[in-house]
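Take a look at the structure below.
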Amino acid sequence: MSFFDVLKISATGLSAQRIRINVISSNLANANTTRTEEGGPYKRKDIVFREILEGELAGGVKVEKVIEDEKPPVLKYEPGHPDANEEGYVAYPNINPIEEMVNMLEASRSYEANVTVLNTAKQLALKALEIGRA
């Protein structure tokens, strides 16, 4: 494993967590969307990660796919809403903002950990160069 492999692995982690944060922010933005182009309420999305293997060593992480949550929508009684059904119920997305915020914090911490790995690798390389000067 070379020095640059550390940078490459951390970069894959940064990229994967950035995509995860984008999906979470989309979920939060659409928490009250009752009408989509496909019809019906917005469906919560989640990320599936996959390990990247290079030989016998781990080479990072990759976003394999973005999946839709198949939980049923939450029905609220609002007879005056334009998207209410004949009984007066409106289908809202099955998004729990608290759960999304916890996922956002976890993704943010993972992103910060990858940045710390990058900075540590950079400091180690600089110290190695100082050894060569002496």
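When a residue number appears, it is its place in the shown sequence, counting from 1.
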Practice problem: Please answer whether the main-chain N or O of E112 pairs with a side-chain N or O of T116 as donor and acceptor at a distance below 3.5 Å. | Solution: yes
Exercise. To the nearest 0.5 angstrom, please state how far the OH atom of Y111 sits from the OG atom of S15.
Key: 9.0 Å
Quiz item: If you measure from CG on N114 to CZ on R18, what distance do you get to the nearest 0.5 Å?
Solution: 13.0 Å
Quiz item: Do V63 and V61 sit in the same hydrophobic cluster, where Ile, Leu, Val, Met, Phe, Trp and Tyr count as joined when their side-chain heavy atoms come under 4.5 Å apart?
Solution: yes
Quiz prompt | CA sep, side-chain torsions, deciding dist, call: L118, L7, side-chain contact (heavy atoms from CB on, under 4.5 Å) | solution = CA-CA 6 Å; L118 280 174; L7 300 177; 3.4 Å; yes
Practice problem: Starting at CD1 of I95, measure out to NZ of K45 and round the result to the nearest 0.5 Å. | Solution: 8.5 Å
Sequence neighbours left out, cut at 3.5 Å: what donor-acceptor pairs do the side chains of residues 96-103 make with other protein atoms?
unit_1, atom_1, unit_2, atom_2, d
N96, OD1, I98, N, 3.1
E100, OE1, N27, ND2, 3.4
E100, OE2, R44, NE, 2.5
E100, OE2, R44, NH2, 3.4
N103, ND2, E99, O, 3.4

Exercise. Flag the pair K62 / E51 as yes when at least one side-chain heavy-atom distance between them is below 4.5 Å, and no otherwise.
Key: no
Practice problem: Given salt bridge (Lys or Arg N to Asp or Glu O under 4.0 Å), test K43 with E70 step by step and report yes or no. | Solution: CA-CA 7 Å; K43 289 187 176 179; E70 295 300 327; 3.7 Å; yes
Exercise. Check the pair V115, L14 against side-chain contact (heavy atoms from CB on, under 4.5 Å), reporting the backbone distance first and the verdict last.
Key: CA-CA 8 Å; V115 169; L14 289 170; 3.7 Å; yes
Practice problem: Kindly compute the distance separating CD1 (I21) from OG (S110), expressed to the nearest 0.5 Å. | Solution: 8.5 Å
Practice problem: Quick one: do N94 and D69 satisfy side-chain contact (heavy atoms from CB on, under 4.5 Å)? Show the steps, please. | Solution: CA-CA 8 Å; N94 56 0; D69 193 344; 4.0 Å; yes
Quiz item: Given the rule in the side-chain contact (heavy atoms from CB on, under 4.5 Å) test, do R20 and E106 qualify, once you have shown the distances and angles that lead to the verdict?
Solution: CA-CA 10 Å; R20 183 178 181 200; E106 183 183 329; 3.6 Å; yes
Quiz item: Under the 3.5 angstrom rule, does the side chain of S26 hit a backbone N or O of N22 as a donor-acceptor pair?
Solution: no
Quiz item: Can you name the nearest heavy-atom pair linking Y42 to P93, along with the distance?
Solution: O-CB, 3.2 Å
Practice problem: Can you see which heavy atom on P41 is nearest to which on A91, and at what distance? | Solution: CB-O, 3.4 Å
Practice problem: Answer whether the closest heavy-atom distance between the side chains of V117 and V6 falls below 4.5 Å. | Solution: yes
Quiz item: Do V66 and F49 share a hydrophobic cluster (ILVMFWY, side-chain heavy atoms under 4.5 Å, transitive)?
Solution: yes
Quiz item: Say you draw a straight line from CG of D46 to CD1 of I24; how long is it, rounded to the nearest 0.5 Å?
Solution: 7.5 Å
Practice problem: Keeping the roles fixed (side chain from S108, backbone from M104), state whether a donor-acceptor pair exists under 3.5 Å. | Solution: no
Self-check item: ring-ring contact (aromatic ring centres under 6.0 Å, His included): pairs with one or both residues in residues 60-92, sequence neighbours excluded
Solution: Y77-Y89
Quiz item: Measuring from L75:CG to E87:CD, what's the distance to the nearest 0.5 Å?
Solution: 9.0 Å
Exercise. List for me each residue that meets side chain to side chain donor-acceptor pair (under 3.5 Å) alongside T12, sequence neighbours excluded, and say none if there are none.
Key: none
Quiz item: Is the backbone of G88 close enough, under 3.5 Å, to the side chain of N85 for a donor and an acceptor to pair up by distance?
Solution: yes
